[in-house]
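Residue numbers begin at 1 in each chain, while the letters A, B, ... track the order of the sequences. Predicted model, so just to flag it, every value in this text is computed and none were measured.
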Amino acid sequence: MDYRSTLNLPKTDFPMRANLSKREPEFLKMWEARGIYGKLIRQAKERTKYILHDGPPYANGNIHIGTALNKILKDIIVKSKFMAGFNSHYVPGWDCHGLPVEHEVEKSLGKKKTELSTVDIRKRCRDYATKFVNIQREEFKRLGIFGEWENPYLTMNFGYQATIVREFGKFLLNGSVYKGKKPVHWCPTCKTALAEAEVKYEDHRSPSIYVKFRMISKLENEFPALKGKPISVIIWTTTPWTIPANLAIALHPDFTYLAVDIGKEVYILAEGLLETVMEKFGVGNYKVLEKFPGKRLEGFKTRHPLYERESIIILAPYVTLDAGTGCVHTAPGHGQEDYETGVQYGLEIYSPVDDDGRFTKDVPFFAGQFVFDANSAVSKKLAEAGALLKEEVMVHSYPHCWRTNDPIIFRATEQWFISMEKTGLRGNALKSINEVTWIPPWGRDRIYGMIENRPDWCVSRQRAWGIPITVFYCSSCKQTLATQETIEYVAKLFEKRGADVWFDEETARLLPEGTRCPGCGGSEFTKETDILDVWFDSGVSYAAVLENRPELQFPASLYLEGSDQHRGWFHSSLLTSVGTRGHAPYCSVLTHGFVVDGEGKKMSKSAGNVIAPEEVINKLGADVLRLWVSAEDYKDDIKISDEILKRLADSYFRIRNTYRFLLGNLYDFDPEKDRIPYPDLYEIDRWALHRLQKLIFRVREAYERFEFHIVYHSVQNFCAVEMSSTYFDILKDRLYTFSSHSRGRRSAQTALYEILSALTQLMAPILSFTAEEVWQHLSGGEGKAESVHLTVFPEIKNEYLDEGLNERWERIWEIRAVVMKALEEARKEKKIGLSLDAQVHLHLPEKEYQFLKSYEKELKSIFIVSSVTLRPVESREEKEVKAEVLRADGEKCERCWNYDVSVGKDPEHPIACGRCVEALQG
RNA sequence: GGGCCUAUAGCUCAGUUGGUUAGAGCGCACGCCUGAUAAGCGUGAGGUCGAUAGUUCAAAUCUAUCUAGGCCCA
């Protein structure tokens with residue numbers, strides 16, 4: 001007789017091979033067709049809200065692995081919060097304005113650009129951004145991300161644009177916005193400001209000059225040794241044309257400076273550069289008169305070498321000893337660092353250069369000259385004044401215009417700023433930082449330090465693709481006009497027609513009729529053409545999205561982005577929210593690290609170590625990518641490599657096979673009819689349920705703490721150790737050989753059903769596709785949810801917890817390990833192959849003997865051998881459990897493969913054991 | 001150059017307030033099974049805890065320096 005067919009072997013059409021790249025899109029279609037996300041939010045409508053507010057990715061290019069990581073992390077949180085019983089409605093967004101899009105559009109236009117109006121360019125920018133929003137949306141959906149994809153937020157939506165105007169309006173009205181000067185990269189050929197991204201660095205020949213600034217302040221009181229001779233501070237620069245704008249000389253506070261007597265006069269310079277400089281000057285005979293740290297000279301005054309003006313000595317930390325003299329020529333209108341120290345010391349941001357790069361007419365000697373041509377004139381004039389000590393030529397890296405390739409200059413221009421101090425923004429922001437939960441905790445220190453030290457926020461840009469700074473200027477008295485009425489009028493216009501109207505319409509039509517200048521009563525106005533920094537756009541997303549959509553909530557429960565956003569979105573959102581609402585827009589901020597390669601190095605095209613999400617999805621599936629996200633501790637940098645992905649794929653298959661085994665053994669189990677009440681379950685099944693409760697506890701807690709790698713490791717361990725190699729292995733005999741409806745089999749199935757449904761739900765936020773696939777295969781009555789994502793996590797059932805039982809089984813597992821070792825020995829000696837070939841004699845100390853006695857009947861199934869006999873050890877000295885392995889007695893039952901003396905007793909089934917005969921009849 | 005952060009087996013992670021021989025899973029090696037079968041089971045080998053110096057009776061854990069790497073500034 002073919003006994004195989006009389007067994008209850010696993011049966012399922014849940015495939016072993018996942019073929020995720022093909023199967024996942026089918027689930028996406030299913031979710032979409034059945035409107036699963038819509039059902040989810042409807043179902044959760046009345047629940048407590050947990051709102052993760054999406055930081056908008058930039059609408060340019062395809063998503064990369066870092067974007068995928070970020071969105072998957074968000075999705076795991078959103079799904080796990082829904083399953084934990086919250087309403088976690090997720091509205092994704094995109095950042096659409098800004099230079100990168102404008103760049104791409106300009107590139108594609110080429111020379112045609114100059115023929116187009118601002119509005120035309122903006123229209124093309126909008127089309128370009130729309131295209132990439134659509135591309136990225138599909139890419140995100142393919143990852144299995146749930147959210148309101150049909151109605152995301154875009155910073156270029158008319159409503160959003162109006163919000164930007166209103167929010168910036170609040171700053172305009174509260175007195176924190178001012179206009180000031182700031183140096184920007186400026187291309188004299190294009191007559192335009194350039195952003196950092198529009199600048200390329202190339203080698204350039206520049207003059208290199210050493211200039212002396214005669215000391216005016218008397219040094220004798222401080223340094224008696226310096227009495228008598230004229231003293232000069234020596235500076236070095238490669239941009240002689242900025243000498244006319246010199247207002248200060250910067251020294252490092254802690255470097256040692258020297259006063260050096262070279263004969264008729266005394267030079268001041270840094271100790272570390274003395275020899276180099278003296279050699280350059282050809283001075284062989286010199287004497288150091290004084291030594292002092294830079295900070296002792298702070299506030300001393302020198303005379304400008306060309307003009308009747310002072311140049312003050314200031315301190316700056318960026319002074320280096322790499323080149324020059326350690327005394328840095330400072331022109332606050334012509335350099336970034338110069339500007340910052342200039343602001344700090346209250347110096348004028350002096351920049352007497354016009355749009356064409358020519359000196360303005362108030363500059364003696366050089367008025368009207370192009371700055372680069374003026375280099376030699378300046379040197380000549382310095383030489384005439386006796387201030388030029390040395391002139392050379394040097395080749396160095398210098399900024400050039402990306403378009404014309406011409407060298408560019410730093411030039412101070414009028415810009416708009418939000419003050420950090422005028423309304424106490426800095427102090428309030430610092431206070432608000434302490435009210436937020438930062439995960440990990442050092443995020444707080446990081447943003448705190450930045451807010452503490454940052455300069456005022458320069459919010460203006462001289463570009464086309466963005467939101468205009470909606471202020472007006474009175475044509476007659478030049479006064480700035482921005483009132484509640486004008487701001488709201490413009491906001492309403494934007495709401496209806498978009499921000500393009502600002503560039504499309506005449507100024508008069510952007511103002512309420514009859515608007516008068518409050519200063520002079522004038523009725524003619526011009527409009528500002530600068531646009532806002534895009535960080536302001538995304539920085540008010542809470543206002544445009546959270547406050548505008550009633551299904552959401554302000555402040556957000558959570559912001560979640562890469563750690564670079566401490567300077568980016570977390571930062572700008574904090575400032576706008578604190579400035580207008582007095583507190584942070586988020587309760588918690590979670591940051592993740594950056595994706596790096598297997599060696600921990602950053603990914604770059606040039607290094608050739610880039611892994612694209614698309615590749616992973618096509619090769620292994622989105623679920624493997626999601627599993628990767630969950631497995632790594634994202635607080636640190638996150639590694640990815642082919643090996644890591646291979647390991648993850650292996651790990652995925654182990655989990656998948658666990659699901660498959662469970663499904664295969666539940667094909668004939670109807671939980672509503674066949675479930676065995678808990679007290680009647682076999683003890684080992686109750687052990688399994690106890691372990692399951694522990695897993696549920698650990699996993700739910702890990703989700704709550706956003707520690708997804710704990711989820712991954714816990715589930716992985718549970719599947720591999722507690723289930724597959726222990727519980728399932730033991731269960732097979734009962735599941736396969738007992739009659740299908742027997743109490744023993746139903747008891748096992750009762751536990752397996754609980755395990756399967758819990759395991760499916762616990763992994764659903766991570767393995768969103770696979771969990772759904774399992775769920776669709778799971779039997780269940782009317783009450784079964786349409787999708788696993790519509791369910792909530794299993795609760796811990798206290799009645800399933802039994803610590804005493806667990807402890808007993810821990811002892812059994814220890815003894816089982818001893819038996820396994822003995823079996824392995826016997827296997828090596830070729831005594832047995834299958835463990836069922838063996839019988840085991842256990843030699844036990846008294847305590848163990850008494851304990852195992854009560855499990856005597858079950859032990860053979862627990863050890864998966866044909867029989868177990870228990871023997872107390874003879875000597876009391878013996879404390880160890882010993883297992884002796886012998887060939888099993890009796891014949892092998894062809895049905896259950898156990899050896900038993902009953903085989904052959906039944907004439908109808910001469911090669912089956914008594915237990916199997918019963919099962920066959922039963 | 002500055003701020004913040006990271007470094008534990010081939011891979012991913014644990015490692016409480018410093019306290020025996022540093023753990024887990026995967027992978028690997030060897031073996032078993034062929035009734036989860038492109039599966040399953042068993043046994044085993046892998047680590048100077050990035051390096052150095054210190055504090056201590058005792059350091060993966062505390063301190064300093066260095067090295068490698070990441071993010072943000074300059």
When we call it a touch if two heavy atoms are under 4.0 Å apart, what does [X] touch: a base, just sugar-phosphate, or nothing?
X	value
G449(A)	nothing
E707(A)	nothing
S563(A)	sugar-phosphate
D636(A)	sugar-phosphate
R654(A)	sugar-phosphate
L834(A)	sugar-phosphate
G664(A)	nothing
E337(A)	sugar-phosphate

* Asked: Using the glycosidic torsion, which applies to G46(B): syn (within 90° of 0) or anti (everything else)?
  -> syn
Whole-Å distance separating the [atom1] atom of [X] from the [atom2] atom of [N]:
X	N	atom1	atom2	value
Q716(A)	G27(B)	CD	P	8 Å
I710(A)	G25(B)	CD1	P	16 Å
D637(A)	C72(B)	CG	P	11 Å

Considering only NZ, NE, NH1 and NH2 on the basic side and carboxylate oxygens on the acidic side, decide whether [X] and [Y] come within less than 4.0 Å.
X	Y	result
R698(A)	E701(A)	no
K74(A)	E561(A)	yes
D633(A)	K635(A)	yes
D564(A)	R567(A)	no
E825(A)	K821(A)	no

Examine [X] together with [Y] and report whether their ring centres are nearer than 6.0 Å.
X	Y	value
H334(A)	F410(A)	no
Y659(A)	F14(A)	no
Y559(A)	W569(A)	yes

* Does S724(A) make a side-chain donor-acceptor contact with the base of A36(B), cut-off 3.5 Å? -> yes
Of the options [options], whose atoms approach the side-chain atoms of [X] most closely?
X	options	value
F728(A)	A36(B), G70(B), C33(B)	A36(B)
R647(A)	C13(B), G10(B), C71(B)	G10(B)
N657(A)	G40(B), C13(B), G10(B)	G40(B)
W897(A)	G70(B), C5(B), G35(B)	G35(B)
M16(A)	G25(B), A39(B), G10(B)	A39(B)
K639(A)	U12(B), C33(B), C71(B)	U12(B)
W442(A)	C41(B), G70(B), C5(B)	C5(B)
K732(A)	G25(B), C13(B), A36(B)	A36(B)

What distance, rounded to whole Å, do you find between the two [atom1] atoms, one in [N] and one in [M]?
N	M	atom1	value
A64(B)	U56(B)	C1'	16 Å
G50(B)	A7(B)	P	8 Å
A24(B)	G44(B)	P	11 Å
A22(B)	A9(B)	P	14 Å
G27(B)	A39(B)	P	10 Å
C66(B)	G25(B)	C1'	34 Å
G46(B)	C30(B)	C1'	15 Å
U12(B)	A59(B)	C1'	26 Å

Let's test this: given Watson-Crick or G-U wobble pairing with both distances under 3.5 Å, identify the partner of [N].
N	result
A53(B)	U63(B)
G42(B)	C30(B)
A36(B)	none
C71(B)	G3(B)
G47(B)	none
U20(B)	none
G25(B)	C11(B)

* Decide salt bridge (Lys or Arg N to Asp or Glu O under 4.0 Å) for D642(A) and R647(A); before the verdict, give the C-alpha distance in whole Å, the side-chain angles of both, and the deciding distance to 0.1 Å. => CA-CA 9 Å; D642(A) 288 339; R647(A) 292 291 94 86; over 6 Å; no
* To do: Given salt bridge (Lys or Arg N to Asp or Glu O under 4.0 Å), test D733(A) with R915(A) step by step and report yes or no.
  => CA-CA 12 Å; D733(A) 180 72; R915(A) 197 184 59 158; 2.9 Å; yes
* Is there a salt bridge (Lys or Arg N to Asp or Glu O under 4.0 Å) between R660(A) and E773(A) once you walk through the steps? -> CA-CA 11 Å; R660(A) 184 163 182 270; E773(A) 191 182 356; over 6 Å; no
* **Along RNA chain B (nearest heavy atom to each residue), the more 5'-positioned of R827(A) and H713(A)** => H713(A)
* Structure fact -> Whichever of S641(A) and D445(A) has the more 5' nearest nucleotide on RNA chain B, that residue is D445(A)
* Using a heavy-atom distance cut-off of less than 4.0 Å, which residues of residues 564-575 of chain A contact RNA chain B? -> D564(A), R567(A)
* Structure fact -> Within residues 814-824 of chain A, those residues having any heavy atom closer than 4.0 Å to RNA chain B are M820(A), K821(A), E824(A)
Taking only side-chain N and O atoms of [X], does any of them lie within less than 4.0 angstrom of OP1 or OP2 on [N]?
X	N	result
R4(A)	G35(B)	yes
R660(A)	U37(B)	yes
Y712(A)	G25(B)	no
K830(A)	C32(B)	yes

* To do: Cation-pi check, R17(A) to F653(A): give yes when NZ or CZ is under 6.0 Å from the six-membered ring centre and within 45° of the ring axis, no otherwise.
  => no
* Asked: Going through the checks in order, is the side-chain contact (heavy atoms from CB on, under 4.5 Å) test met by T437(A) and I439(A)?
  -> CA-CA 6 Å; T437(A) 305; I439(A) 312 164; 4.1 Å; yes
* Asked: Would E824(A) and R827(A) count as a salt bridge (Lys or Arg N to Asp or Glu O under 4.0 Å) if you check the C-alpha gap in whole Å, the side-chain angles of each, and the deciding distance to 0.1 Å?
  -> CA-CA 5 Å; E824(A) 184 64 19; R827(A) 211 170 274 137; 2.9 Å; yes
